[in-house]
Amino acid sequence: MASSSLFNGERAVVLVFISRVLFSLPFSLLLHGLSLSLLALSAFVVEIRAETSASLSIFKTRPGASSGILLGAVTLPVVMLSKLIQLSRAFALHEVALEELEYSTVQYWATSASSLSVLVFLYIIMLHAPDSTQHPGSHSSLDDKFTLCGMLVYVVACGVSLLTTSHTGFIMILNLLWVLCHGLAAVKLIRHFLNTFPSCASIGEALLVTTGLVLYFGDMLACTIVKAIGYISSSELGFAQYGIKRSEITTVIQGVILGLLLFPVIFKFVVQVWECSSRGYSEARTYNEIGRSFIFFSFLGVVLVVIIPSWMQFVNVFNLHPLLWVISFVFSEPLKRLSLCIYWVCVIYVSVLRFYNISKNSKIERILLRKYYHLMAVLMFLPALIFQPKFLDLAFGAALAVFLALEIIRVWRIWPLGQPIHQFMNAFTDHRDSDLLIVSHFSLLLGCALPIWMSSGYNDRPLTPFAGILSLGIGDTMP
């Protein structure tokens with residue numbers, strides 16, 4: 001009975017998933033497999049402890065959702081390790097450069113260190129919670145010692161792995177510091193996320209989003225640093241060469257997405273300065289809303305047209321302004337790509353109009369209505385993935401950017417679009433969304449896009465890009 005309560009369906013699937021990856025490990029990646037096993041075990045212990053105590057109730061998580069700590073902690077590390085196994089096979093066949101393998105190794109350790117740091121953070125909270133009554137010799141004390149030993153073994157495995165992939169001891173120290181910074185950033189970000197957006201996600205979901213954002217920001221920062229100190233040769237910097245070798249499409253997507261994610265932080269500061277300076281002139285609400293809206297759209301235009309493209313041109317070689325490059329790319333095959341855009345617009349217009357009316361006038365549960373959007377994703381993305389995969393990459397990035405911009409406008413209630421967007425989006429929400437954040441459309445889009453983005457470069461599994469579209473569009477629609 002106790003074992004059945006410990007291993008539910010979700011944990012069993014995670015165990016099978018991890019076991020499949022571990023059995024595929026080559027000898028050169030045994031340390032990585034050891035670290036993944038320790039990470040999974042730590043996540044399992046933290047999840048069990050979180051469910052048997054109320055110590056994590058200080059974070060208001062999504063109502064009715066399980067903690068999902070195990071799944072959130074191991075998902076990205078397992079994906080990164082799978083990519084590393086794939087690159088190891090390619091390196092043995094001389095199909096990828098050593099720098100790419102080394103950079104992926106650092107990326108794996110940064111990802112797993114981010115997850116482990118958050119687990120340590122959660123464990124410390126539970127350890128010092130008022131309901132955490134422990135006695136010497138108890139199972140909890142043994143668990144604490146076992147967890148501490150596991151963390152020490154993890155650190156040793158990380159150091160040995162980075163030592164074998166680094167050219168000098170100095171580079172190994174830099175890589176260790178880089179991995180440590182990812183862990184600290186992940187702890188800071190998940191704490192901010194859970195406190196700023198209560199009831200929007202489970203702890204596991206927040207952990208997964210946090211780890212992904214830290215890794216994505218870290219990659220952008222690494223690329224910028226490498227460009228800034230370009231006088232250092234690639235042989236002296238372990239992650240330099242692969243870190244700056246990326247396509248124009250990847251650079252455009254990364255710049256726009258991260259720029260929009262940072263935009264609210266800067267906009268909040270600008271609005272505070274403006275409100276303090278204008279307080280003596282007028283207190284009229286309409287004046288404040290119009291002024292705030294003007295600042296928002298003006299600053300957004302500056303970010304999208306000036307600041308982000310400047311970073312793109314700094315880290316990559318664009319013969320044109322990046323926005324002009326995007327237009328040129330679209331019109332390089334105008335018949336195929338414009339026809340695809342027209343097809344997407346028609347499908348979106350018909351589907352949204354139809355389902356919006358149904359959601360307002362029908363008593364059908366919204367979760368059932370939203371299943372139709374999963375099928376719509378198959379109709380939209382599958383033909384594009386087969387015939388125009390590069391254009392689909394760019395289209396996913398553009399759609400994600402639009403979603404982010406609209407969500408920022410909705411959350412901040414930017415006049416005159418904020419309230420209408422909120423009313424429109426609210427027609428498609430269910431119990432898994434909150435008034436503060438609506439994330440279902442992000443989940444569907446990223447679920448389809450991430451397998452395609454992460455399979456770019458070397459890929460010896462032709463069906464990998466289809467995984468997201470088929471699993472979400474068909475598999476998730478069946479239940």
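Of all heavy-atom pairs between L194 and A206, the closest is CD2-CB, 3.7 Å. I253 and D393 get closest at one heavy-atom pair: CD1-O, 3.2 Å. The two atoms that bring I308 and G259 nearest to each other are CD1-CA, 3.7 Å, heavy atoms only. Between W178 and A222, the closest heavy-atom pair is CZ2-CB, 3.7 Å. In this structure, L215 and A110 approach most closely via the heavy-atom pair CD1-CB, 4.4 Å. S24 approaches I85 most closely through the heavy-atom pair O-CG2, 3.9 Å.
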**Asked** Can you list the steps and then say if F403 with H441 is a side-chain contact (heavy atoms from CB on, under 4.5 Å)?
**Response** CA-CA 8 Å; F403 283 173; H441 52 302; 3.7 Å; yes
**Message:** Evaluate S117 against L184 for side-chain contact (heavy atoms from CB on, under 4.5 Å), listing each step before the verdict.
**Reply:** CA-CA 7 Å; S117 299; L184 296 177; over 6 Å; no
**Request:** Evaluate side chain to side chain donor-acceptor pair (under 3.5 Å) for Q388 paired with R337, printing each intermediate quantity in order.
**Result:** CA-CA 8 Å; Q388 286 288 321; R337 292 171 180 171; 2.9 Å; yes
**Item:** Stepwise side-chain contact (heavy atoms from CB on, under 4.5 Å) check, F91 with E100
**Value:** CA-CA 9 Å; F91 178 72; E100 185 170 352; over 6 Å; no
**Asked** Run the ring-ring contact (aromatic ring centres under 6.0 Å, His included) check on W344 and F391 step by step: do they pass?
**Response** CA-CA 13 Å; W344 285 340; F391 182 61; 5.7 Å; yes
**Request:** Could you please spell out the steps behind the side-chain contact (heavy atoms from CB on, under 4.5 Å) verdict for F466 and L382?
**Result:** CA-CA 8 Å; F466 296 87; L382 201 57; 3.5 Å; yes
**Request:** Under the side chain to side chain donor-acceptor pair (under 3.5 Å) rule, what do Q254 and D219 come out as? Steps first, then yes or no, please.
**Result:** CA-CA 9 Å; Q254 190 171 28; D219 181 71; 3.0 Å; yes
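In this structure the side chain of I249 reaches within 4.5 angstrom of the side chain of F329, judged on heavy atoms. In this structure, T211 and V118 have side chains that are not in contact, with every pair of non-hydrogen atoms separated by 4.5 Å or more. The side-chain heavy atoms of V315 and W311, taken from C-beta on, include a pair separated by under 4.5 Å. Within the 4.5 Å cutoff, no side-chain heavy atoms of L470 are placed close to those of L463. For the pair F44 and V14, the minimum side-chain heavy-atom distance is 4.5 Å or more. At a threshold of 4.5 Å between non-hydrogen side-chain atoms, the residues L300 and L260 count as touching. Side-chain contact between E102 and L87 is absent, with no heavy-atom pair separated by less than 4.5 Å. At least one side-chain heavy atom of T210 sits less than 4.5 Å from a side-chain heavy atom of V214.
In terms of modelled atom types and a separation under 3.5 Å, the side chain of H182 and the main chain of Q107 share no donor-acceptor contact. Remark: side-chain polar atoms of S115 are not paired, donor with acceptor, to backbone N or O of S112 under 3.5 angstrom. Panel note: side chain E205, backbone S202; a donor-acceptor pair is recorded below 3.5 Å. Formation of a donor-acceptor pair under 3.5 Å by the N316 side chain with backbone atoms of M312 is not found in this model. A donor-acceptor pair under 3.5 Å is formed between the side chain of E407 and the backbone N or O of I438. A donor-acceptor contact shorter than 3.5 Å links the side chain of S42 to the backbone of L38. S455 places a side-chain N or O within 3.5 Å of a backbone atom of I452 that can act as its donor or acceptor partner.
Here the CG-CG distance, from L400 to L446, works out to 5.0 Å after rounding to the nearest 0.5 Å. With values rounded to the nearest 0.5 angstrom, T105 atom OG1 is found 13.0 Å from K83 atom NZ. To the nearest 0.5 Å, atoms CG (L39) and CD1 (I18) are separated by 8.0 Å. We find the CG-NZ distance between L340 and K336 to be 11.0 Å, quoted to the nearest 0.5 Å. Here the straight-line distance linking atom CD1 of I69 with atom CG of L207 works out to 8.0 Å at 0.5 Å rounding. Distance check, rounded to the nearest 0.5 Å: CH2 of W325 to CG of N319 gives 10.5 Å.
Side-chain N/O atoms of S114 and T111 include no donor and acceptor closer than 3.5 Å.
Cation-pi check for R49 over Y123 is met; the charged atom lies under 6.0 angstrom from the ring centroid and within 45 degrees of its normal.
In summary, E95 and R89 do not engage in a salt bridge, as defined by a charged side-chain N under 4.0 Å from a carboxylate O.
Using bins of under 30°, 30° to 60° and over 60° for the plane-to-plane angle, the ring pair H32/W109 lands in the tilted bin.
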